Amino acid sequence: MTANDSTTTGQAAPGESDAVVMRGVSKWYGDFQVLTDIDLNVRRGERVVICGPSGSGKSTLIRCINRLEEHQQGDIIVDGVALTDDLRSVDRVRREVGMVFQQFNLFPHLTVLENCVLAPMRVRGASRRAAEEQALALLARVRIPEQAGKYPGQLSGGQQQRVAIARALCMNPRIMLFDEPTSALDPEMVKEVLDVMVELAGDGMTMLCVTHEMGFARRIADRVIFMDGGQIVEQADPEAFFTAPKHARTQAFLSQVL
Ligand code: ADP
Ligand code: MG
């Protein structure tokens with residue numbers, strides 16, 4: 001699909017060349033409003049870091065992008081496809097969006113290699129040979145080619161998270177979502193995962209990353225977004241965000257994490 005392809009949404013909406021568009025998105029869990037009127041455009045190739053206090057809605061926001069959560073109000077358009085109740089739109093979006101979770105979410109009963117080839121074979125119809133070839137190349141890229149035959153439980157947390165990243169990349173996603181990918185790791189393993197993410201950022205991948213690793217944000221983010229209470233309170237390029245945060249809530253948050 002090209003940036004000008006307008007056939008998928010049936011209309012040439014403004015901003016359609018963006019990787020992700022959220023317009024007036026609100027979401028409730030029961031009576032509790034978790035997201036309020038979120039407007040967000042992510043350009044192709046853009047790296048966006050999302051931070052904010054616990055419970056501010058960061059996970060919910062990115063989980064709405066691949067429909068792990070449903071929004072009730074507003075529009076979400078991912079890679080030109082409007083997310084609706086139509087399961088075909090959800091399928092199409094999930095094919096293009098890779099996600100990495102805090103808790104790795106690998107299949108414990110499958111080897112690293114089997115974890116990596118499962119979706120390409122089942123969802124994309126790849127042959128085992130092609131899927132394995134790609135998986136091994138990606139495991140090499142995240143610097144654990146020698147772990148292909150092991151089970152997740154035999155790996156360190158940092159290695160497991162790198163498998164999770166390789167597994168997501170095996171689907172050739174156009175967009176990668178990360179939800180606090182280093183928060184469950186022992187400190188000495190954080191760097192090995194961030195290094196892989198920095199490399200991915202350098203390759204031009206569109207990335208939305210929830211993280212409190214502010215050094216990482218400074219290094220790779222095109223834009224840092226601060227959320228609080230289900231709203232985007234402030235967003236800016238890293239330099240402006242870290243040196244001159246405008247909002248009192250952002251200042252208070254940064255004084256805690258920096
Ligand atoms: P964050 O990732 O910023 O910590 P979340 O998006 O996980 O925030 O959660 C935002 C708020 O929504 C929190 O108050 C949380 O308790 C609540 N919440 C999250 N998931 C659910 C759910 N499935 N049902 C009800 N409330 C939820
Ligand atoms: Mg979260």
Side-chain angles (χ1 to χ4, degrees), residues 20-42 47-76 78 83 85 90 93-94 97-106 157-158 160-161 164-165 167-168 173 175-187 189-190 193-194 197 206-217 220-221 223-236 238 241-242 245 247-258:
V20 178
V21 179
M22 300 179 107
R23 274 194 229 115
V25 171
S26 292
K27 171 172 178 62
W28 289 259
Y29 290 120
D31 290 339
F32 173 68
Q33 183 160 11
V34 58
L35 297 177
T36 303
D37 206 15
I38 300 286
D39 287 316
L40 174 65
N41 283 46
V42 179
R47 283 92 29 123
V48 176
V49 163
I50 302 171
C51 62
S54 178
S56 56
K58 306 178 301 292
S59 294
T60 303
L61 186 150
I62 65 164
R63 290 167 66 88
C64 282
I65 294 171
N66 63 352
R67 201 69 164 185
L68 291 177
E69 299 288 353
E70 273 180 40
H71 62 291
Q72 282 98 31
Q73 227 171 64
D75 301 314
I76 302 180
V78 182
L83 272 171
D85 290 335
V90 178
V93 164
R94 289 209 183 133
V97 179
M99 177 135 183
V100 175
F101 302 86
Q102 184 174 342
Q103 297 295 343
F104 325 140
N105 292 10
L106 297 171
Q160 289 188 58
Q161 194 59 300
I165 294 171
R167 180 177 66 171
I175 301 165
M176 284 285 285
L177 308 176
F178 295 87
D179 192 0
E180 301 206 33
T182 60
S183 297
L185 299 176
D186 292 333
M189 291 169 190
V190 169
V193 171
L194 291 179
M197 294 170 64
T206 306
M207 294 168 71
L208 273 89
C209 185
V210 176
T211 184
H212 293 157
E213 293 291 336
M214 294 296 136
F216 170 77
I220 69 104
R223 177 158 46 131
V224 183
I225 289 178
F226 174 71
M227 284 184 76
D228 195 14
Q231 291 177 299
I232 293 179
V233 172
E234 179 161 357
Q235 49 183 318
F241 185 84
F242 290 111
H247 204 288
R249 283 189 279 174
T250 318
Q251 293 163 6
F253 175 78
L254 286 176
S255 71
Q256 282 165 6
V257 298
L258 287 180

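Keep in mind it's a predicted model, so treat the numbers as computed, not measured. Start at 1 and go down the list; that is how both ligands and their atoms are numbered. Throughout, numbering of the chain's residues begins at 1 and tracks the sequence. Just the heavy atoms: all of them, side chains too, but no hydrogens, waters or symmetry mates, feed the values below.
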Asker: Looking at atom 8 (O) of ligand 1, what's its closest protein heavy atom, distance included?
Answerer: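 Ranking protein heavy atoms by distance from atom 8 (O) of ligand 1, first comes Gly57 N, 3.2 Å.
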Asker: Could you check atom 3 (O) of ligand 1 against the protein and tell me its nearest heavy-atom contact, residue, atom and distance included?
Answerer: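 Sorting protein heavy atoms by distance from atom 3 (O) of ligand 1 puts Lys58 NZ, 2.7 Å first.
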Asker: Can you name the ring pair (Phe, Tyr, Trp, His ring centres under 6.0 Å) partners of Phe253, sequence neighbours left out?
Answerer: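 With neighbours one apart ignored, the set is His212, Phe226.
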Asker: Give the residue, atom name and distance (to 0.1 Å) of the protein heavy atom nearest atom 26 (N) of ligand 1.
Answerer: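 Answer for atom 26 (N) of ligand 1: Tyr29 CD1, 3.3 Å.
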Asker: Might you point out which heavy atoms bring Ala168 and Val100 nearest each other, and give the distance in Å?
Answerer: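 For Ala168 and Val100, the tightest heavy-atom pair comes out as CB-CG2, 4.4 Å.
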Asker: Can you list the ligand 1 atoms lying under 4.0 Å from a non-hydrogen atom of Phe32?
Answerer: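 Within the 4.0 Å cut-off of Phe32, ligand 1 contributes 11 (C), 12 (O), 14 (O).
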Asker: So which heavy atom in the protein is nearest atom 7 (O) of ligand 1, and how far is it from that ligand atom?
Answerer: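 Here the closest protein heavy atom is Ser59 CB, 3.7 Å.
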Asker: I'd like to check atom 12 (O) of ligand 1 in this structure: does the protein have a heavy atom lying under 4.0 Å from it?
Answerer: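 Flag for atom 12 (O) of ligand 1 set to true, protein heavy atom closer than 4.0 Å.
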Asker: Out of curiosity, Met22 CE to Leu83 CG, how far, rounded to the nearest 0.5 Å?
Answerer: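 These two atoms lie 9.0 Å from each other.
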Asker: Measure the distance from atom 4 (O) of ligand 1 to every protein heavy atom, then report the residue, atom name and distance (to 0.1 Å) of the closest one.
Answerer: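 It is Gly55 N, 2.7 Å.
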Asker: Ile165 versus Val193: any side-chain heavy-atom pair under 4.5 Å?
Answerer: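 With C-beta onward as the side chain, the pair touches.
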Asker: Is the shortest side-chain heavy-atom distance between Leu185 and Phe104 below 4.5 Å?
Answerer: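 Yes, their side chains come closer than 4.5 Å.
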Asker: Hey, mind stepping through Leu35 and Met227 against side-chain contact (heavy atoms from CB on, under 4.5 Å) and telling me if it holds?
Answerer: CA-CA 10 Å; Leu35 297 177; Met227 284 184 76; 3.8 Å; yes
Asker: Please check if a non-hydrogen protein atom sits closer than 4.0 Å to atom 15 (C) of ligand 1.
Answerer: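 Given the 4.0 Å limit, the answer for atom 15 (C) of ligand 1 is no, no protein heavy atom qualifies.
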Asker: Below 4.0 Å from ligand 1: does a non-hydrogen atom of Ser56 turn up there or not?
Answerer: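 Yes; Ser56 lies near enough to ligand 1 that a heavy-atom distance drops under 4.0 Å.
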Asker: Can you find a pair of side-chain heavy atoms, one from Ile38 and one from Lys27, that are under 4.5 Å apart?
Answerer: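 A side-chain contact is absent here, since even the closest heavy-atom pair is not under 4.5 Å.
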Asker: How about Leu194 and Met197: do any of their side-chain heavy atoms sit closer than 4.5 Å?
Answerer: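 Leu194 reaches Met197 side chain to side chain.
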Asker: Could you check Leu61 against Leu40 for side-chain contact (heavy atoms from CB on, under 4.5 Å), going step by step and ending with a plain yes or no?
Answerer: CA-CA 10 Å; Leu61 186 150; Leu40 174 65; 4.2 Å; yes
Asker: Return the set of protein N, O or S atoms whose distance to the Mg ion (ligand 2) is under 2.8 Å, each given as residue and atom.
Answerer: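 Within the sphere that stays under 2.8 Å of the Mg ion (ligand 2), the protein atoms of type N, O or S are Ser59 OG.
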Asker: Atom 5 (P) of ligand 1: which protein heavy atom is closest, and how many Å away?
Answerer: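 I find the closest protein heavy atom is Thr60 OG1, 3.7 Å.
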Asker: Please confirm whether the backbone N or O of Pro181 pairs with a side-chain atom of Gln161, one donor and one acceptor, at under 3.5 Å?
Answerer: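 Pair found, side chain donor or acceptor close to backbone of Pro181.
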Asker: Just wondering, do Glu213 and Val190 contact through their side chains at under 4.5 Å, heavy atoms?
Answerer: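 Yes; the side chains approach each other to less than 4.5 Å.
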Asker: Pull out every atom of ligand 1 sitting under 4.0 Å from any heavy atom of Pro53, numbered as shown with elements.
Answerer: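 Answer for ligand 1: 3 (O).
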Asker: Using 0.5 Å steps for rounding, measure from the CZ atom of Arg47 to the CD1 atom of Ile220.
Answerer: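 The CD1 atom of Ile220 is 6.0 Å from CZ of Arg47, to the nearest 0.5 Å.
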Asker: So if I count the atoms of ligand 1 from 1 in the order they appear, which ones are less than 4.0 Å from some heavy atom of Val34?
Answerer: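 Those qualifying, in numeric order: 10 (C), 11 (C), 12 (O).
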